[in-house]
Amino acid sequence: MIFPKAKKIARDLGWHKTNHKVFGLYKGYFFNVSDASIIHTPQYKYVSVTTGNLTEEQRQKIKTELTINKKRLKFTFFDIRENTIFFKFTENIMPTKTSTVYVLFDFLVGLLKDLSIPEQSNCHSCKTNEGIKYYDLNHTGVLLCDHCFKQTDDKFYEIEKERISKEKSYLTGFLGSVVFSIPAIIIWVLFAVYFGAISSGMAFVIGLLGFLGYDYFKGFRGKLTRYIIFFTSIISIFAANITTVIALLIKQGLTINQAISEFQTNPAANEIFMQNIILSFLLSCIPWIWILFIRKDDKLIIKPAEKF
């Protein structure tokens with residue numbers, strides 16, 4: 001999701017976009033701007049500038065200047081990476097102003113020029129100026145020439161082909177999700193029966209364990225993956241709640257058959273089940289939202305970027 005401030009910057013500068021970022025050139029230097037997921041608390045705005053390879057002396061000077069000017073530039077955190085500088089703005093109440101982002105842009109442009117760091121309007125891989133286009137490289141904006149794009153695309157194809165050859169099936173992933181969810185179901189029931197504790201919070205854990213189990217069993221990662229993990233989570237939550245109610249009835253002295261019959265016919269038992277299932281689903285919302293809508297696929301991608 002691209003937030004309004006980032007959209008305004010992209011429109012004003014004629015930038016391109018990925019699903020979650022806007023990017024392009026500003027006074028010859030290349031920037032990416034994005035926001036944290038909507039479920040993050042607090043919210044963050046992210047800015048990165050492409051620098052190319054830096055000498056150790058340049059790194060130290062950049063670090064010194066950013067540390068001195070951190071308060072004036074209003075960013076929370078910075079990190080000098082291999083060929084980029086990354087910034088994070090914390091947004092506790094108010095979003096970061098567009099003017100604040102532009103102040104950072106101008107400061108960085110001036111700093112990079114002063115350090116004789118070249119503009120980044122050429123290919124970010126081979127530095128040629130011919131056949132340059134904007135690309136979405138694993139959800140980050142880059143500039144590449146036709147040759148480097150083709151090389152990267154071919155490399156990703158081979159990596160994906162090898163990965164897929166090692167993966168199994170959707171069914172294997174489903175079984176992995178179920179197996180990894182079983183310990184959480186057992187703990188859920190034990191806490192409810194022997195400690196009298198409200199254990200519906202395990203619903204949150206079940207969603208995450210299902211995801212881990214799918215990957216551990218090397219389930220096939222395709223369009224149905226997220227829905228299989230979601231479906232497994234629902235099944236596990238129902239199983240945990242049904243087992244908990246039946247176990248509580250057995251603890252009161254009923255046999256297994258009597259407890260199952262009581263669960264099916266007793267309105268009080270059904271009411272407890274419904275209350276717990278609603279609470280469980282509410283607590284599962286965060287992992288479900290992440291699995292269904294926010295989690296990015298691990299698939300490597302490179303494709304021409306869309307103009308904003």
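These values consider heavy atoms only, across backbone and side chains, with no hydrogens, waters or symmetry-generated copies.
Among residues at least two apart or in separate chains, salt bridge (charged side-chain N to carboxylate O under 4.0 Å, His left out) pairs with a member in residues 101-111 are K27-D106. Sorted by first and then second residue, the side-chain hydrogen bond (donor to acceptor under 3.5 Å, both in side chains) pairs with a member in residues 260-269 read E262-N266; sequence neighbours excluded. Screening residues 109-118 for salt bridge (charged side-chain N to carboxylate O under 4.0 Å, His left out), with sequence neighbours left out, gives K113-E119.
Connectivity analysis of hydrophobic side chains (ILVMFWY, heavy atoms under 4.5 Å, direct or indirect) links I93 to M94.
Taking the six-membered ring where tryptophan is involved, the planes of Y170 and F220 are perpendicular, since the angle between them exceeds 60° and thus also 30°. Note on ring orientation: taking the six-membered ring where Trp is involved, the planes of F89 and F75 are perpendicular (angle over 60°, cut-offs 30° and 60°).
For the pair I80 and K63, the minimum side-chain heavy-atom distance is below 4.5 Å. The side-chain heavy atoms of F231 and L224, taken from C-beta on, include no pair separated by under 4.5 Å. With contacts defined as side-chain heavy-atom distances shorter than 4.5 Å, the pair L212/Y216 does not qualify.
Checked options K5, Q43, E91, K45; the residue passing with T96 is E91 (criterion: side chain to side chain donor-acceptor pair (under 3.5 Å)). Tested against F31 for a ring-ring contact (aromatic ring centres under 6.0 Å, His included), the candidates F105, Y46, F23, F87 yield a single pass: F105.
Heavy atoms only, all atoms of each residue included: R81 and F86 are closest at NH2-CD2, 3.4 Å.
Counted within 6.0 Å of CD on Q258, heavy atoms from surrounding residues, nucleotides or ligands total more than 12; the atom is thus considered enclosed.
Under the 4.5 Å side-chain contact rule for hydrophobic residues, V178 and I229 share a cluster. In the hydrophobic clustering of ILVMFWY residues, with side-chain heavy atoms under 4.5 Å counting as a link, F107 and L115 come out together. Using a 4.5 Å cut-off between side-chain heavy atoms of Ile, Leu, Val, Met, Phe, Trp and Tyr, with links allowed through other members, F149 and Y134 fall into different hydrophobic clusters. One hydrophobic cluster holds both Y214 and I235 under the rule that ILVMFWY side chains link at heavy-atom gaps under 4.5 Å. One hydrophobic cluster, built from ILVMFWY side chains closer than 4.5 Å, holds both L66 and L112.
Between the side chains of S280 and N241, at least one donor N or O lies within less than 3.5 Å of an accepting N or O. Between the side chains of T172 and S169, a donor-acceptor pair is found at a separation under 3.5 Å. No hydrogens or angles considered: a donor-acceptor pair under 3.5 Å links the side chains of T140 and K21.
The side-chain hydrogen bond (donor to acceptor under 3.5 Å, both in side chains) test applied to D146 returns K133, not counting sequence neighbours.
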Show me the donor-acceptor pairs within less than 3.5 Å that the side chains of residues 6-17 make with the rest of the protein, sequence neighbours left out.
residue: K8; atom: NZ; partner: D12; partner atom: OD2; Å: 3.1
residue: W15; atom: NE1; partner: L25; partner atom: O; Å: 3.0

